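All values derive from a computational prediction rather than experimental measurement. For the single chain, residues carry numbers from 1 onward in sequence order.
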Amino acid sequence: MKRFWEPDELADHFTLTDTDWDLIANKTEETRLGFAVLLKYLPYEGSFPKQTADVPPAVIAHIATQVEVAAEKFVSYAFSGRTHRDHRSQIRTALHYRPSTEQDLRDLSAWLVTQIRPEDHYTDAAKEAGLERLHTLRIEPPSPKQVRRALKSAAHTMEEQLAASVSERLTPPIRQALDDLLRTTIRQVDDDATDSDEVADDTGEDAIEPAPAPKERRTSLLYELKRDPGRASLKSILREVDRLQVIRRVDLPAAPVHDLDHTVLQALRQRVFTEEPFELRRHPAALRHLMLTAFCWLRGQDITDNLIEQLNQIVYKIGAKATKKADTDLIKAVKRVRGKTTILRQIAQQSLERPHEDVEQVVYPAAGGKQVLEAVVAELAALESYDEQVQQTIRSSYASHYRRMVPPILRMLTFRSNNEAYRPVIQAIELLQKYADVAGDYPYFAEEESIPLTDVVPEGWMSLVKNEHGRVNRIAYEICALKALRDKLRCKEIWVEGALRYRNPEEDLPKDFDDRREEYYQALKQPLDADAFIQQIQAEMRRWLSTLDRGLSKNAAVRISNQRGGWIHLTPFTPLPAPPHLAALKGALLDRWSVISLLDMLKETDLRVGITTEFHTSTAREHLDRTTLQRRLLLCFYGLGTNTGLKRVCAGTPDEQHKDLAYVRRRFIVRDHLRNSIGKVVNALFETRLPQIWGEGSTACASDSKLFGAWDQNLMTDWHPRHRAAGVKIYWHVDKKAACIYSQLKHPFASEVAAMMEGLLHHNTTMTVERNYVDTHGQSEIAFGFCHVLGFKLMPRFKAIHRQKLYRPDRDNRTAYSKLQPILQRPINWERIRRQYDQIIKYATALRLRTAETDAILRRFSRRNFQHPTFKALIELGRAIKTIFICQYLHSEDLRREIHEGLQVVENWNGTNDFIFYGKGRAFSTNKPGDMEVSMLCLHLLQLCMVYINTLLIQEILSEPEWANRLTAADLRALTPLIYNHVNPYGLFLLDLTQRLPLKAMPLAA
């Protein structure tokens, strides 16, 4: 039951009726209150509470007032014994409820199979639907174990039906090809660093030294398909091409699983990844073929996406390395001459004054000598030839190394576009595919070829591409075509058949939008009429521009000048005084509980919240008893979350072996289960917080990223120039009291705007996010536009506030807002928004429903695709919303301070990462992005458990009389559970002088 209630909600659901009073009349004190609570709890929840903590304090207080019993007496009500059983029996009879039976469970399973969608069987939606069904029938739900059994039975039946349906679409040769994937034969296996199955196991342990040559090993084609691609290199590209060819040889129909949701396919694919070939062969043929079909379908999309990423990386690296080399050569070759303007003025002045004298007597002395003039000439000549040098370096690098990587990729990919304007790029790639097998000894294309140059070859490259005889150089043309292809792929104007992230962008949008338009508008709480939408924004713009303009004379912190075409001068706010009693509170925690093991914090959270109940095997059978599984899961969370690895954890727990933990890691710990457990802890944290200490439920969070070191033989890791290190980025969403609601593993150059919106939309917690604080990197005009439509208020802290501009709401009265004139720009183009309003809502709905990855949808709206009409409309909308926010930001110091405090919380969260994730140099020691994500989620879970336990510890301290009124407003403002001076993450250090290492006898020390 939810913890926070409005007064009208309490009155609607928990007000006693005349019939209720007839049942309560003969009861007194805590028995009276307890009976009344049970009586009103059952119709709302469909079950009885199991303990006092199940009932929110607000509900107890509301009912206690009616029955005239002190709310505190509810603690004395016994939830066991004959009295409690009698109360439940009376209430069942009065409300016509009954306990469930085995037949009810069978009926429930059958109902779930027929009434809910297949994808709901793999989420909590099935459980919610089942409990709601029992509630409707007035049947008390059985034990969690029985509910889980009914759900598994329904899911198993559903899978059998799906398997029969898909099997009918597969011909006998296809079924045989699927079974051949499981056949084991002697194969050569490369034990290189790109394949963490061989180098580093699922536990993130240290790497084994790579073998000098491939080994022969009995393995299957399925094993080869499961392996990761590695970084962009000829070897990894050829391996990915081979894997894609294996999948294409299966010759699946065009859409064997077209009617199945992506959630179903992902669940089936995860089972194939988890199970060994001999286990897959045990399944009934139809189910086995369904699982392998889902695996091949999704794996083919993954490999296609990987090949595109590798192609993009090749093109990027060619240009980046050439630019870096040209910069280095320029610095070496040129001695920069300072004061060239002064030298030019002196030469001109002397030349005018002494026009008839020799150059050596006039110009050389004015310039400071002949050597200075030579240096100036050399510098300017080098600058003029800079672009040419970059082009020559790119051409040389591509021809000697990178060119051989391109044909294997182009042979496997089919490029398409929905816009005829990009047809020349498609034709250029088709020409490259045609000449892929032509020997490099032929430097030019055939004269009769129709070669598109417009929109493919930039003007600066034309001299290299086309010679004086009109012949087109193949190498230079290939470079230009690949660059053009990369630009259009990244904004999805060109897409690839068989891909997922780079698929047809029309498939990213909801297909039923036209049929359910009104429903989707209502879900976003936006008007159907574009004019009404625009008028709301215009009114807000006028209001806040006027507010800022009128208040500027009284706003001592803000000044607007004409400097550099309009400049905002913002004085930093004065730091608040340090809270006086928080140091004493931390000392009290240390005195009361001394140093607490982080592992004990994890264990206590599990015992209170039930983290490990979310973890079940993805395979058909589960043999471990829950107690053993619980212990091993907690040890795995600890080993992965601290980055110490499972072997080190086993060293301190002699009862557990590494192979047992590795088994649990492989079979039970997957991304979705971890996210569910994280959501469970966050929700428990929200329910645990006392409003008088932490304030009412927060609707604001802050988001930011942090770079973590990682092995680089994969497509996720990259060098980040700002951090001057290679790694991956983790993006966090943290509320104002240190509850992290979402985390994401991202490429270092991935869009922070997309990561920000992903977390706001798809965190699986009960928090309602209305405001989000970000740094400069997390905002853009596109982000402002989408956040407004989706119902979030984006609140960035601008690094370069002085350069920000405001836009006008109207074309008339250009003299309005006189004090803001230096920073006012043109009026907003409302007509663009009006024409594209329906498309804006359609894309926002796609983000909300997650019809595709957030990053894939937002990729359409990049600067490379500025001509897209919806992009132009979103830019105008974003500028309008950004203008409103900047006015609020400049007008209110309280708002600026609120944003700063929110971002301080997420920065503290980032700092605490180093305390917990301390193993192996705080770097991910694996090349598998999937394993990196699991380690990240375990870190998230561990840190969240620490916050949860700290919240309980602080609340217990503050409940004592000497602390009751001690904290001031400043203390409560700065109070955070994200503290760790009393936490030990390192384990136990035991010293036993009687225990010796098993070494050969040596002389003892004197």
Side-chain angles (χ1 to χ4, degrees), residues 261-263 266 298 301-302 304-305 308-309 312 416-419 422 487-514 516-517 520-521 523-524 526 703 731 733 742 744-747 749-763 769 772 774 777-792 794 833 836-878 881:
D261 187 84
H262 193 69
T263 305
Q266 286 281 24
L298 293 183
Q301 292 179 335
D302 286 345
T304 302
D305 285 334
I308 300 169
E309 292 288 355
N312 287 340
R416 296 281 184 262
S417 179
N418 300 332
N419 192 335
Y422 303 110
D487 290 341
K488 302 312 174 188
L489 280 172
R490 296 186 72 192
C491 63
K492 300 192 75 170
E493 286 297 345
I494 291 179
W495 51 275
V496 181
E497 288 185 0
L500 180 62
R501 295 193 299 274
Y502 294 91
R503 67 182 177 180
N504 186 346
E506 296 301 319
E507 297 180 21
D508 295 341
L509 302 177
K511 298 177 178 59
D512 58 353
F513 183 81
D514 293 336
R516 303 173 63 185
R517 175 177 277 100
Y520 287 145
Y521 272 82
L524 293 172
Q526 299 297 347
S703 52
Y731 202 82
H733 283 73
Y742 201 70
Q744 302 163 75
L745 183 76
K746 308 293 287 186
H747 188 277
F749 298 135
S751 167
E752 291 200 13
V753 169
M756 175 271 295
M757 296 184 67
E758 169 78 12
L760 295 182
L761 288 167
H762 303 302
H763 66 90
V769 181
N772 188 58
V774 295
H777 302 291
Q779 62 83 33
S780 68
E781 288 162 345
I782 291 293
F784 272 106
F786 268 128
C787 283
H788 176 76
V789 174
L790 291 165
F792 305 115
L794 183 62
I833 300 175
Q836 294 295 319
Y837 179 55
D838 200 53
Q839 284 296 308
I840 291 173
I841 297 297
K842 191 173 185 179
Y843 277 101
T845 300
L847 290 171
R848 183 179 66 84
L849 297 180
R850 212 176 195 173
T851 55
E853 293 181 9
T854 305
D855 189 60
I857 296 173
L858 293 183
R859 193 174 288 146
R860 293 278 283 170
F861 307 112
S862 67
R863 293 290 177 185
R864 305 175 194 86
N865 200 24
F866 186 74
Q867 296 304 317
H868 195 289
T870 309
F871 176 76
K872 291 182 177 180
L874 277 167
I875 287 291
E876 295 297 319
L877 175 61
I881 304 304

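Minimum interatomic distance between G759 and Y742 (heavy atoms only, all atoms of both residues): CA-CD2, 3.5 Å. In terms of heavy-atom proximity, S703 sits nearest to N772 at OG-ND2, 3.1 Å. Listed here is the closest heavy atom pair of L794 and F784: O-CE2, 3.6 Å. Contact record, A754 with T854: O-CG2, 3.6 Å, taken as the closest heavy-atom pair. Scanning all heavy atoms of the two residues, the minimum distance from P510 to L849 falls at CB-CD1, 4.5 Å.
Atom CD1 of I833 is separated from atom CD1 of I875 by 11.0 Å, given to the nearest 0.5 angstrom. Rounded to the nearest 0.5 Å, atoms CZ (R501) and CD (E853) are 6.0 Å apart.
Residues Y837 and I841 meet the side-chain proximity criterion, which asks for heavy atoms closer than 4.5 Å. Residues V769 and H733 are not in side-chain contact: their nearest non-hydrogen atoms beyond the backbone lie 4.5 Å or more apart. A 4.5 Å side-chain heavy-atom check between Q779 and M756 finds every atom pair outside the cut-off.
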TODO: Start with the C-alpha gap between L489 and V496, add the side-chain angles, then the distance that decides, and say whether side-chain contact (heavy atoms from CB on, under 4.5 Å) holds.
DONE: CA-CA 8 Å; L489 280 172; V496 181; 3.9 Å; yes
TODO: Begin with the C-alpha distance, continue with both residues' side-chain angles, and end with the deciding distance and a verdict on side-chain contact (heavy atoms from CB on, under 4.5 Å) for L847 and L858.
DONE: CA-CA 9 Å; L847 290 171; L858 293 183; 4.3 Å; yes
- [ ] Carefully, step by step, assess R848 and L790 under the rule side-chain contact (heavy atoms from CB on, under 4.5 Å).
- [x] CA-CA 8 Å; R848 183 179 66 84; L790 291 165; 4.3 Å; yes
Open item on the list: Using side-chain contact (heavy atoms from CB on, under 4.5 Å), reason through Y502 and E309 one step at a time and then give a plain yes or no.
Closed with: CA-CA 10 Å; Y502 294 91; E309 292 288 355; 2.8 Å; yes
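Considering only residues two or more places apart in sequence or on other chains, H762 meets the ring pair (Phe, Tyr, Trp, His ring centres under 6.0 Å) condition with none of them. By the ring pair (Phe, Tyr, Trp, His ring centres under 6.0 Å) test, Y422 is found to be paired with no residue, residues two or more places apart in sequence or in another chain being considered. Qualifying ring pair (Phe, Tyr, Trp, His ring centres under 6.0 Å) partners for F792, counting only residues two or more places apart in sequence or in other chains: none. Partners of R503 according to the side-chain hydrogen bond (donor to acceptor under 3.5 Å, both in side chains) rule, which considers only residues two or more places apart in sequence or in another chain, are D508. Residues forming a salt bridge (charged side-chain N to carboxylate O under 4.0 Å, His left out) with R860 (at least two apart in sequence, or on another chain): E493. The salt bridge (charged side-chain N to carboxylate O under 4.0 Å, His left out) test applied to D838 returns R517, not counting sequence neighbours. Taking the ring pair (Phe, Tyr, Trp, His ring centres under 6.0 Å) definition, one finds that F861 meets it with F786, Y843, H868, sequence neighbours left out. Residues satisfying the side-chain hydrogen bond (donor to acceptor under 3.5 Å, both in side chains) criterion with T851, sequence neighbours excluded, are absent altogether. Under the salt bridge (charged side-chain N to carboxylate O under 4.0 Å, His left out) criterion, R516 pairs with D512, E519, not counting sequence neighbours. Under the side-chain hydrogen bond (donor to acceptor under 3.5 Å, both in side chains) criterion, R859 pairs with D855, not counting sequence neighbours. Residues passing the side-chain hydrogen bond (donor to acceptor under 3.5 Å, both in side chains) test with K872 are Q867, sequence neighbours excluded. For E781, the salt bridge (charged side-chain N to carboxylate O under 4.0 Å, His left out) criterion is met by R863, R879, not counting sequence neighbours.
At distances below 3.5 Å, at least one donor-acceptor pair connects side-chain atoms of Q744 with backbone N or O atoms of A755. Distance alone, capped at 3.5 Å, places no donor-acceptor pair between the K492 side chain and the I857 backbone.
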